[in-house]
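Take a look at the structure set out below.
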2 protein chains.
Amino acid sequence: MQTSMTLEELKGMLIEKGIQPSFHRLKILEYLIGHRTHPTAEEVYQALSSEIPTLSRTTVYNTLKLFYQKGLVLALTIEDLEIRYDIDVSPHGHFKCLECGKVYDLPFPLSPAQRSELEGHQILEYHIYFRGICRECRSKQHPA
Amino acid sequence: MQTSMTLEELKGMLIEKGIQPSFHRLKILEYLIGHRTHPTAEEVYQALSSEIPTLSRTTVYNTLKLFYQKGLVLALTIEDLEIRYDIDVSPHGHFKCLECGKVYDLPFPLSPAQRSELEGHQILEYHIYFRGICRECRSKQHPA
DNA sequence: ATTCACTGTGCAATCATTCCAAAATCAAGA
DNA sequence: TCTTGATTTTGGAATGATTGCACAGTGAAT
Ligand SMILES: [Mn+2]
Ligand SMILES: [Mn+2]
Ligand SMILES: [Zn+2]
Ligand SMILES: [Zn+2]
């Protein structure tokens, strides 16, 4: 889990996916790599707009959508009618705490699902979502 | 897979879940039982508003949300920032065709997931979503 | 300097959903 | 049957995430 990369490495990641490495795109990519909290577009915008005062919300939305379409990030629609983005595109599941809202990573509890076909359907994406109360919130509720 | 029930049976289903069986609630439940296509609130509203001209969109939204909170239906947020409702609350997965938009049921490819706890988190809900191109759309694309 | 393609901006529009206050309906009890 | 309080329903406004769009900026090539 690398949390900081050189400019050249970031550029390489975009070019590899056929995305032109503009200033804003690099900044948004850098943020996703450094903050693996499955942020929404709004969270990315809030975090970067102080450093880049001219940054437009629309640019953030456009960029994240582009990253998703090019396969650079995952798009999670786990709850709340909002899209969360994940720079980790390896197969893993997600857990959202209904108490604090945090989204945790979970290992896939299975492997046979790596199949590209199921009942004649062509599988392009595969998501496992859990919802509940997270470890931390549970321990706060019933203290030792 | 029962597609029609008596009024008394419908009432019983609601009362069992602690929901008062009003006219609109019974109609919406009846629709869900007869149309297992994972409809959105809007689809339910469109389907019923000709038969019940005074029906309010808000009532449909309120009712479906109530059904979900009482555990009578599943709520799917598989894509498109919209909620789809499923009268089948037994554990099963879903596949959404990116071509025609239909949502198919799939058997769970696993069983150990019935667990109520995972890495210390309390699991309340569990969803598996697939996206891709469905059998029908595939056969249209490359005909025999 | 001009052109062209691409990128970014800012505001309006869209779409699903929720909020809210008023109206309608219902269920006892007097 | 009338009264009253609780519940349900209504419909329009509000919200929140996302997208559309037209214009402005940028940068490389001519
Ligand atoms: Mn993740
Ligand atoms: Mn289903
Ligand atoms: Zn939590
Ligand atoms: Zn299809």
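Note: hydrogens, waters and symmetry copies are ignored here, and every other heavy atom, side chains too, is used. Chain letters run A, B, ... following the sequence lines, proteins first, then strands; residues in each count from 1. Predicted model, so just to flag it, every value in this text is computed and none were measured.
The shortest distance between the side-chain N/O atoms of His24(A) and the OP1/OP2 oxygens of dT9(C) is below 4.0 Å.
Remark: aromatic rings of Tyr129(A) and Tyr129(B) are close, center separation under 6.0 Å.
Closest approach to the Gln20(A) side chain among dT19(D), dT7(C), dT10(D) is made by dT7(C) (side chain taken as heavy atoms from C-beta onward). If you check dT17(C), dT10(D), dT19(D) against the side chain of Ser56(B), the one that comes closest is dT10(D). Of the candidates dT9(C), dC20(C), dT9(D), the closest approach to any side-chain atom of Thr58(B) belongs to dC20(C). The side chain of Tyr61(A) has dA17(D) as its nearest neighbour among dA17(D), dT9(D), dT9(C).
Residue Thr59(B) is in base contact, counting any heavy-atom pair closer than 4.0 Å across all strands shown. Thr54(B) comes within 4.0 angstrom of sugar-phosphate atoms only, judged by non-hydrogen atoms across all strands, and of no base. Residue contacts for Arg25(A): at a heavy-atom cut-off of 4.0 Å it reaches the sugar-phosphate backbone alone, with no base atom in range.
Computed from coordinates, the Lys27(B) NZ to dT8(D) P distance equals 19 Å when rounded to whole Å. To the nearest angstrom, P of dT7(C) lies 16 Å from NZ of Lys65(A). Whole-Å rounding puts the Leu55(A) CG to dT7(C) P distance at 16 Å. Atoms CD (Glu43(B)) and P (dC15(C)) sit 15 Å apart, rounded to a whole Å. Rounded to a whole Å, the OH atom of Tyr45(A) is 11 Å from the P atom of dC11(C). Rounded to an integer number of Å, the gap from Ile19(B) CD1 to dT8(D) P is 10 Å. Taking atom CZ on Phe23(B) and atom C1' on dT7(D), their separation rounds to 17 Å, with Å as the unit. With rounding to whole Å, Leu66(B) atom CG is found 16 Å from dT17(C) atom P.
Mapping Ile52(B) and Glu42(A) onto DNA chain D by nearest heavy atom places Ile52(B) at the nucleotide closer to the 5' end.
Using a distance-only test at 3.5 Å, with no hydrogens or angles considered, no donor-acceptor pair links the side chain of His94(B) to the main chain of Tyr104(B). For Arg138(A) (side chain) and Gly120(B) (main-chain N/O), a donor-acceptor pair under 3.5 Å exists by modelled atom type. At least one donor-acceptor pair closer than 3.5 Å links the side chain of Ser139(A) to the backbone N or O of Glu136(A).
Under the 4.0 Å criterion applied to side-chain N and carboxylate O atoms, Lys27(B) and Glu51(B) are assigned as salt-bridge partners. Under the 4.0 Å criterion applied to side-chain N and carboxylate O atoms, Asp86(B) and Arg36(B) are not assigned as salt-bridge partners. Between Arg84(B) and Glu43(B) there is a salt bridge, since a side-chain N of the basic residue sits under 4.0 Å from a carboxylate O of the acidic one.
Contacts with DNA chain D (heavy atom under 4.0 Å) in residues 68-88 of chain A: Leu81(A), Glu82(A), Ile83(A), listed by number.
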